[in-house]
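Note that the structure is predicted; figures quoted are calculated from it, not measured. Worth knowing before you read on, the calculation uses all heavy atoms, side chains too, and leaves out hydrogens, waters and symmetry mates. Both ligands and their constituent atoms are indexed starting at 1 by order of listing.
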Amino acid sequence: MHPRVIFVGGVSRSGTTLLHRLLGQLPDVVSLGEVCNLWGTGLRNGDLCTCGDLIASCVFWKEIGDRAFGGWDAVDLQEMRRLRGSIDRIRFLPALLQGKRSGAIQTTAAAYASYYTKIYTAALEVSGAQVVVDSSKRAPLACCLGMYADVDLKLVHIVRDSRGVAYSCTKNVLRVDSVRGATLGTASPADTSLNWIVQNLALEILSRKGVSTRMLTYERLIEDPVGVLREVISFAGLSVDESAMRFLSDDHAVLDAGHSIGGNPMRAQTGSVSLRLDDAWRTHLPRTDRLLVSALTYPLLRRYSRS
Ligand SMILES: [Zn+2]
């Protein structure tokens with residue numbers, strides 16, 4: 001049986017971490033965070049799991065590596081990064097979205113996605129959960145999984161106001177998973193705008209290619225977290241008791257650490273976490289940048305704002 005997977009797709013700084021953490025609180029769900037980070041920094045540079053241990057020595061992730069590959073040492077990380085570089089890039093999206101099964105790119109996509117399938121299967125075995133969540137975000141990876149992998153994929157596409165994303169991307173923040181003081185990096189409002197358009201359009205196209213997709217906005221998730229989470233639960237075909245939703249209210253969530261990957265500061269928060277709309281862009285994003293981002297991302301921005 002193919003592993004059941006909820007893939008949280010969207011642009012960085014769009015609320016993907018919040019959504020994967022809320023999903024991870026549900027029974028029968030195991031949330032892994034950004035699995036794509038395993039190959040680049042997670043295993044090689046000794047990044048931290050949310051439990052506080054290094055990913056390579058965390059009991060949960062060690063068990064996954066053992067079951068999926070006979071141990072993480074058996075995975076050639078250099079080869080994996082080469083594979084990722086040859087498929088998990090925006091420039092490959094047009095070929096990936098064609099959906100042909102016979103080309104070299106499609107063969108590479110299937111090979112790349114097979115690593116994730118093994119990890120998902122192992123995570124379900126280790127946790128005893130029914131559904132695994134991967135918040136790797138990236139449209140090319142969502143495409144590989146949705147069109148070239150043996151997974152039962154539910155794509156949750158989360159969109160945030162482009163001006164909010166652009167402002168967040170101008171701020172450099174420390175990665176909370178890095179023991180080396182690495183940061184998330186920054187991007188110019190123009191670059192963020194183009195990335196926002198391409199990634200969101202690609203994720204939209206996936207639904208037209210037969211990938212089961214649910215679109216929601218970060219703003220609505222904050223406004224009605226309980227209602228939106230219920231929508232995602234229903235979309236994913238999960239059955240959740242009322243008592244299992246008690247961790248969540250209209251303005252806060254009680255979160256466990258879990259065992260997830262990724263460097264967004266929100267992932268480190270545990271206990272009672274307040275849910276507030278981050279709309280600092282309205283007062284802090286310079287007017288010229290605000291106009292630039294609005295112009296570049298219109299009319300997609302207008303359409304999403306009605307969702
Ligand atoms: Zn851990």
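- Of all protein N, O or S atoms, those under 2.8 Å from the Zn ion (ligand 1) number 4.
- The aromatic rings of Tyr120 and Tyr116 lie tilted to each other, with the angle between the two planes from 30° to 60°.
- Remark: aromatic rings of Trp196 and Tyr304 are close, center separation under 6.0 Å.
- A search for ring-ring contact (aromatic ring centres under 6.0 Å, His included) contacts involving His157 returns nothing, not counting sequence neighbours.
- Sorted by first and then second residue, the pairs that involve residues 62-74 and meet side chain to side chain donor-acceptor pair (under 3.5 Å), not counting sequence neighbours, are Lys62-Asp66, Glu63-Arg67, Arg67-Glu125.
- Between Arg220 and Glu223 there is no salt bridge, since none of the side-chain N atoms of the basic residue sits less than 4.0 Å from a carboxylate O of the acidic one.
- In this structure, the ring-ring contact (aromatic ring centres under 6.0 Å, His included) partners of Phe60, at least two apart in sequence or on a different chain, are His259.
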